Every structure is written in structure tokens, then in C-alpha cells.
2 protein chains.
Amino acid sequence: MARGTGQALGGDSLATLADVARRAGVSPATASRVINGSSKPVADELRERVLSAVAELRYVPNAHAQLLARPQRSVVGVVVHDVSDPYFAEVTRGLQRVATDRGRLVIICNSYRDPERELEYVEMLRGQQVAAIVLAGSGYHDADFTARLTEKLAAYEATGGRVAVIGRHEHPGDAVMPANDVGGRLLGEELLRLGHRQIGVIAGPRVLTTITDRLRGLRAALADGGVTLDDDHVRYADFDRDGGARAAAELLDTVDGLTALVALNDSMAVGALALLRQRGVRVPDQVSVAGFDDMPVAADVTPTLTTVRLPLVELGARAMTLALGPAADRSRVEVLPAELVRRESLGPAPR
Amino acid sequence: MARGTGQALGGDSLATLADVARRAGVSPATASRVINGSSKPVADELRERVLSAVAELRYVPNAHAQLLARPQRSVVGVVVHDVSDPYFAEVTRGLQRVATDRGRLVIICNSYRDPERELEYVEMLRGQQVAAIVLAGSGYHDADFTARLTEKLAAYEATGGRVAVIGRHEHPGDAVMPANDVGGRLLGEELLRLGHRQIGVIAGPRVLTTITDRLRGLRAALADGGVTLDDDHVRYADFDRDGGARAAAELLDTVDGLTALVALNDSMAVGALALLRQRGVRVPDQVSVAGFDDMPVAADVTPTLTTVRLPLVELGARAMTLALGPAADRSRVEVLPAELVRRESLGPAPR
DNA sequence: CCAAGCCGGGCAAGGGCTTTCCCGATGATC
DNA sequence: GATCATCGGGAAAGCCCTTGCCCGGCTTGG
């Protein structure tokens, strides 16, 4: 039964339902009924024969043929910025937990923060006939891209697909949002309370709406306390450890008298901490540091990191729940609360 | 054209190739040729008409029908212990990089270290007709399970599928292994050099072959130096931070005079470090600590963690490369080197 | 000016599975 | 014992797409 004509993928082809039926001496219809436990009863003897044929041939139904014949969608597509980022690792954990509980298979696609790739994946998932698409990760400040993505998602929804997005809300479908602005505000208020006036901000990539949201909250709180955040006190950096260290170095080198450094995620905060240690700057005695997200590492660095906790696993779980639940008449937006976690890295401003 | 009969997934059905052809006033054959840029030429005018029909209907080909008609496999299935574990996050990054470079889509499945689920996923991926299956994560000490999995993988390979495994080698297909035993040995030698004789080991789950391998290397090195590792010096724990802390506490409470704690992964080492800090034990002055894997956190804790570096990203990249490359006559096993990374947490034994 | 070739397009046959519809053979009923 | 209902099984259509094959019309060469 060799089929390959010298193809890289040579070898015997998979057993088909017809093979099973032939071996069991029944029709494909009967074999099918036995295999999916159809409502229609099958005589015990035939059932036996089919089952042993399945075992002998190691038959596995061709999922594509099944889907074609019975368009029952059970797969969910997830497009995420980067699963190996701890933030998304947590979110993904929540997504998976719910999906698995409901017997759904998840296809995870990494866009690596490339908007074009995000678009491609949505297209591809549509072709895969997935039951739902979940987009996890901040939106982009790019009106053209946003419009194109919205258009694609709308087309998908129009054909019965479900859409849920995490951390952005500028699209059709349900949205689950961490309270980024509130988090920024909490941090700002805490800084004021501790007497900080000269504050440096290590922001992530400028194009991400998450960054804008966090910064807006922070700015607003500081403004309420009479402190304005100059543009040169804000450095945009890569969202990782090294980016944080670089931005911290720049801030220290260009702005005098800083008493606090706020990083808009924990990875960058950890980088800043490392740079400060390397330069012999004591935290928080000389300079305070704060982060964002409360990722596991925050509790293990020295000094432990004051940060804003976002319910990451919950974010994923809620999004998947919405995506798999009944469709709403119109888009829902759920906001999950942020919470300040006080640890050692943020202390009173030195006088 | 509504099809749904009140289904949860109501709405209009997806546009099909036939719809496109009808709208463009051509046959489905022609539409298909335009869409996949077949070698057969199509008149410019018709091509135009088809293309605009595609755009208007937002047509996306049904991937399942395509796969059925042209059995060209381009998807790779990955079954991983837990993507949200930083270890696998790194490995997955390597896997994805190579897959993406070659235009392959990746389906990621989390087994959460449940052997049964691992089996199920392999079965399902087989049904999905994936081009290759990559298993990432330690094997289990369970002969029955191993046999069943081997059987399934063999069946898959027999039908032309490719298999690559990471961190285990007891199966068909190519294997990429970190040098776990060498890593254990390196750690053992370093401990001896620093004068440690009373050593506690925080091992991970007993059922994982990775743990056995690491432990074997460590034991061998110590034995060469005349130090035997009693069973009560070894504690099996969950592979995470809390497991590490608990095991460290047990060891300290039950064994006297320990001068070093070796954790068989970094998460557990971090947990141990936290426990020691909480108990006011100075590291490494009173007790030394070492980890395994060199995950990012190792450089950020205080004291920084001495550990064994494994090339995690490389592990994933090699496995995917093997899985997508030409099949070998028989299983290949590649071992990637381990390397000791000396940092602060491991010092000379107190006298 | 006719025959031979091309070229561009359509027809139709699958690919593997599910499911409706139908039919023959039972068992039950009067 | 004849009629009917019922039950178990098979034939075949259809899901959506690709592609080998064929055919009509044009161009070209003799």
C-alpha cells in the first residue's frame, strides 16, 4: 500500500475507515458508527470485530475528513505575543486550563510582537475553522494595522466564529483587560506618599497600548500630586531585562537627582535592579525601584520588588470562558483589578 | 445563505470556493488555480475577477478540505510538559524559531506532566495528520507507559510521520538530550573541590528520568571523591519553588551538619534560597546552594545562583531541525553539553 | 486555405468521513 | 399464519478543495 513516490514523507499511508471496515467485514457506515458511539445501535459481534480491526490497524480517524463531514469545531486558536515571556506564560496557563477543562484543543501561535504575523495567524486560524480565536497581548498604536485586524476579526465573527481579546479592546469580540491605568495610578500615589518627586520611567515599546495605559495612570496620579513627568524622564525600551538595564543607565546618566525608577514591567525592573547593583547604588536607600505585573521573579530578587499585581492566570481563564461561552449581543469588556504589592525595593525618597 | 439551525455557532457559513467561482463567473477549477498560483496560466481578466471575488467574500480556503485534497503536511505538533515553566518556555522558543523560519505552523499541547494526557495528545496529533511530533520533557519511570507511548510513536512513524524527542531517548525517532549526567558530575566535582562532604539534594519528581540522570552524575562524582550520598540526604519534591522550599526545610530539620544544598532545577533552588533567608541562614557562608538549568532568574537572585547551564533554546532548535530534516535510517541521539556556571551561592564548606 | 498544435478553461473524479435514507429480516400482534 | 412495526446494516450523497484530463477555439506553418 505504499503511496509515496519518493517523497520525503514516504512510507505507508495511514489506515482509513474503509480499511477498517474491510478488515472487519462491515460497511464503512457501521465502522463509523461503532467508532463514534453513534446513537444507532450496532450488534455486539460486529462492534467487536470493528474494534479489533481498529486496534490491529492502529486506526486513527483523519481529523480533517471528520471536520469536513461534520463541521463541529472544537479547536481554539490563540495568538499570543510571546509564550516564553513569563507574563504570557501565566496568561496562557489560564487559557489552557479552561480549554482543557472543556475538552478543547488549543493551537498556540506566537506573533513575537510582529503585527503582520498576527494578521497572518488570524487568517490561518480562520482557514483552520477554529471555534474561537483568542488574541493575547497589548494592541499597537497603528491605526492602519488596527483597522485591518478589526476587519479580519469581524469577517470571522460574521461566519459564526468567536473572538476574545486580552489586554486590548479596540476590536470586535469580547475583551478582558487588566486595569493598567489603575495600576499606574496606584504606583503614582505610592510614590507621592513616599515623597518622590524626581521619577524616572522605564517604559516598554512605545507602540504598545499597554504602555500608554500604564503611563497615563501614572502620569495622572503624579499630576494630582503636583508632579509633572517630563518627556526626558521617560525612556522607551525593549520589554526585557536588558532593555530595562539600558534604559536605567540612560536615565541615571541624563537626569540628575532621580530618587525612583519605575519600570512598566517586572523584567525591565529586574534589569534596572541589576544595573543599580552593578553601579553600587543602594536600593531603596539611594534610589527606589518599582515594577509592574508581579511575576514570580519579583519576590525572589534582592531587594524584593514592589510592583503592581495583575491577575494574569485569571485574565486568560476569563478570556477563554468568554470565548467558549454563549455569544453576547455586543462586545463585552471585563476589567480585572490591579493591586499594589509593597515589598522592599520602594522606600521613602532620600532627602 | 444561512445554514445554522439555531446552533450556538449560528451565523452565515464561510464562503466556499464555489461561491467565489460563481461570483467571478468561472469554474471552481479556475478559481482554485488563481488562488494557489498554480503553474497553469489563467487569463488576466479572469484572474482579476477571481481576486476581487475573493476579497469581497473575504474568502479563506478551508484548510481541512485542502489537506484532504492535497495531503501536504505543514503543521508540526509539540507536546510539552508545561510551557509556562521557564525551562520549557526556552525550549519552546527554540522550537518555534526553527519552525517559523521554515514556514511551519506549530500546535503546542501541554501535558502538565500527565502521562495519559501525553498519550492522548500524540493520538490526536496523529489524527491531525501533522508532519512531525516533537515531545519535549523528561521521560517517566513507568515501563508500561513507556511501552505504550513507544508503540504509538512507532505507528506514527510507520506512516511517514517524523518524531523527535527532547530530554528522553527511550523512544523511536531522533532524540536531543541535555547532558544531565555530566551536569550532575560537574556539580559534584565542584562541591568536592570546595570541601563539601555533607550534602543535601533537593530532587524533583521521582518519576522523571531527568532527575535520575542528574542524580546519577552527581552521585558518581561524589563517590569518586569518597563521599556517598545517603538516601535520607535526598528529598523528592515538586519541581517548583514551593517544592524546593519544603524539601530544603525537611533536609535542614532531619540531617545535621549539612554544608550544601543541591537543587536539581533552578526553581527549587530559588525556593531553597528563600527558605534559608527566612531562617536567617547565610548563603554561602553557612550553607551553600546550587541549582540546575541556568534559567534567567539564576542571575537575579541574591546571592546569585551557581548552577549548571543547559542550552535550552538550542535543544529546541536542534529537535525541530531534526524533525523537519530528512529522516535517518535509524534514530539519532544528539547530546548537548552542560556547563558549570559559578556564581555566588556556592562557596567553600565552613570548617 | 487546411491541418496541426497550443492555450486557456471546464468537467469530474477523488480524498476520508458522517449521516440520511432505504431495505431486508426479524419479532410481535391479532 | 398473515400483517405490521422495528431494528440492524448498507448504499450513497455530500463536506470543500485540487488536479488530471479533455475540449473548443485560436494561432501558426505548410
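Computed from a prediction, not measured in an experiment: that's the story for all the values here.
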**Student:** A/Leu68 has an atom CG; how far is it from atom P of D/dA13, in whole Å?
**Tutor:**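 After rounding, the reported distance stands at 17 Å.
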**Student:** Nearest whole angstrom, please: distance from the P of C/dC17 to the CG of A/Leu67.
**Tutor:**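 After rounding, the reported distance stands at 13 Å.
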**Student:** Quick one: does any side-chain atom of B/His64 pair with a main-chain N or O of A/Gln128 as donor and acceptor, under 3.5 Å?
**Tutor:**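 Pair found, side chain donor or acceptor close to backbone of A/Gln128.
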**Student:** Provide, to the nearest angstrom, the distance between the NE2 atom belonging to A/His64 and the P atom belonging to C/dT18.
**Tutor:**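 The distance from NE2 of A/His64 to P of C/dT18 comes to 14 Å, rounded to the nearest Å.
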**Student:** Among all residues two or more places apart in sequence or in another chain, which pass the side-chain contact (heavy atoms from CB on, under 4.5 Å) test with A/Glu157?
**Tutor:**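 Partners of A/Glu157 by the side-chain contact (heavy atoms from CB on, under 4.5 Å) criterion, ordered by chain and then number, come out as A/Val163, A/Pro172.
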**Student:** Heavy atoms under 4.0 Å, any strand shown: does A/Leu46 hit a base, just sugar-phosphate, or nothing?
**Tutor:**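 Sugar-phosphate contact only - A/Leu46 comes under 4.0 Å of backbone atoms but never of a base.
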**Student:** Rounded to the nearest Å, what distance is computed from the CG atom of residue A/Asn62 to the C1' atom of nucleotide C/dC17?
**Tutor:**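 One finds 8 Å between C1' of C/dC17 and CG of A/Asn62, rounded.
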**Student:** Might you list the N or O atoms of the protein lying below 3.5 Å from N or O atoms in nucleotides 25-28 of chain C, with each pair's distance?
**Tutor:**
none

**Student:** With a 4.5 Å limit on heavy-atom distance, are the side chains of A/Leu68 and B/Leu68 in contact?
**Tutor:**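 When only atoms from C-beta onward are counted, B/Leu68 and A/Leu68 do touch, with a gap below 4.5 Å.
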**Student:** Considering residues at least two apart in sequence or located in another chain, which fulfil the ring pair (Phe, Tyr, Trp, His ring centres under 6.0 Å) criterion with B/Phe88?
**Tutor:**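 Here the qualifying residues are B/His81.
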**Student:** For DNA chain D, which residues of residues 54-61 of chain B approach it to below 4.0 angstrom with any heavy atom?
**Tutor:**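 Contacting residues: B/Tyr59, B/Pro61.
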**Student:** Nearest-Å distance, CZ (B/Arg22) to P (D/dC16)?
**Tutor:**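 Atom-to-atom, B/Arg22 to D/dC16, this comes out as 11 Å.
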**Student:** Take atom CD of B/Gln128 and atom P of C/dG16, then tell me their distance rounded to the nearest Å.
**Tutor:**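 The answer, rounded to whole Å, is 16 Å.
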**Student:** Show the atom names and distances, to 0.1 Å, of all donor-acceptor pairs under 3.5 Å that link a side chain in residues 41-55 of chain B to residues at least two apart or in another chain.
**Tutor:**
{"from": "B/Glu45", "atom 1": "OE2", "to": "B/Arg49", "atom 2": "NH1", "distance (Å)": "2.7"}
{"from": "B/Arg47", "atom 1": "NH1", "to": "B/Val42", "atom 2": "O", "distance (Å)": "3.2"}
{"from": "B/Arg49", "atom 1": "NE", "to": "B/Ala24", "atom 2": "O", "distance (Å)": "2.9"}
{"from": "B/Arg49", "atom 1": "NH2", "to": "B/Ala24", "atom 2": "O", "distance (Å)": "3.1"}
{"from": "B/Ser52", "atom 1": "OG", "to": "B/Glu48", "atom 2": "O", "distance (Å)": "3.3"}
{"from": "B/Ser52", "atom 1": "OG", "to": "B/Arg49", "atom 2": "O", "distance (Å)": "3.2"}

**Student:** Suppose the criterion is side-chain hydrogen bond (donor to acceptor under 3.5 Å, both in side chains): which pairs have a residue in residues 93-111 of chain A, not counting sequence neighbours?
**Tutor:**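 Passing the test, one end in residues 93-111 of chain A: A/Arg93-B/Ser84.
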**Student:** Select one nucleotide: of D/dC15, D/dC17, C/dG10, the one nearest the side-chain heavy atoms of B/Val26.
**Tutor:**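 So the side chain of B/Val26 is nearest to C/dG10.
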**Student:** In whole angstrom, give the distance that lies between atom CG of B/Leu17 and atom P of C/dG14.
**Tutor:**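 Distance, rounded to whole Å: 20 Å.
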**Student:** List in chain and number order the residues that pass side-chain hydrogen bond (donor to acceptor under 3.5 Å, both in side chains) with B/Arg332, two or more places apart in sequence or in another chain; answer none if no residue qualifies.
**Tutor:**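 Listed in chain order: B/Asp174.
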**Student:** Nearest to the side chain of B/Ala43 - C/dG8, C/dG16, D/dC16?
**Tutor:**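 Looking only at side-chain atoms, B/Ala43 lies closest to C/dG8.
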**Student:** Treating primed atoms plus P, OP1 and OP2 as sugar-phosphate and everything else as base, which nucleotides of nucleotides 19-24 of chain C get B, S or - for protein heavy atoms under 4.0 Å?
**Tutor:** BBBB--
**Student:** Using atom CG of A/Asp44 as one end and atom P of D/dG8 as the other, report the distance to the nearest whole Å.
**Tutor:**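 The answer, rounded to whole Å, is 10 Å.
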**Student:** Not counting sequence neighbours, which residues clear side-chain hydrogen bond (donor to acceptor under 3.5 Å, both in side chains) with A/Thr30? List them please.
**Tutor:**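 Residues passing side-chain hydrogen bond (donor to acceptor under 3.5 Å, both in side chains) with A/Thr30: A/Ser27.
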**Student:** Sorted by first residue and then second, give each ring pair (Phe, Tyr, Trp, His ring centres under 6.0 Å) pair with at least one member in residues 31-61 of chain A; sequence neighbours left out.
**Tutor:**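 Counting only pairs at least two positions apart or across chains, no ring pair (Phe, Tyr, Trp, His ring centres under 6.0 Å) contact touches residues 31-61 of chain A.
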**Student:** Would you list the pairs meeting side-chain hydrogen bond (donor to acceptor under 3.5 Å, both in side chains) in which at least one residue belongs to residues 144-155 of chain B, sequence neighbours left out?
**Tutor:**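 Applying side-chain hydrogen bond (donor to acceptor under 3.5 Å, both in side chains) to every pair that reaches into residues 144-155 of chain B, excluding sequence neighbours, yields A/Arg58-B/Glu151, B/Glu116-B/Arg148, B/Glu123-B/Lys152, B/Thr150-B/His171.
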**Student:** OP1, OP2 of D/dT18 versus side-chain N and O of B/Gln66: anything below 4.0 Å?
**Tutor:**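 The answer is yes; a side-chain N or O of B/Gln66 sits under 4.0 Å from OP1 or OP2.
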**Student:** Yes or no on side-chain contact (heavy atoms from CB on, under 4.5 Å) for A/Thr92 and A/Val78, after CA distance, side-chain angles and deciding distance?
**Tutor:** CA-CA 9 Å; A/Thr92 306; A/Val78 173; 5.8 Å; no
**Student:** A/Glu170: what forms a side-chain hydrogen bond (donor to acceptor under 3.5 Å, both in side chains) with it, not counting sequence neighbours?
**Tutor:**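 In terms of side-chain hydrogen bond (donor to acceptor under 3.5 Å, both in side chains), with neighbours along the sequence ignored, A/Glu170 is linked to no residue.
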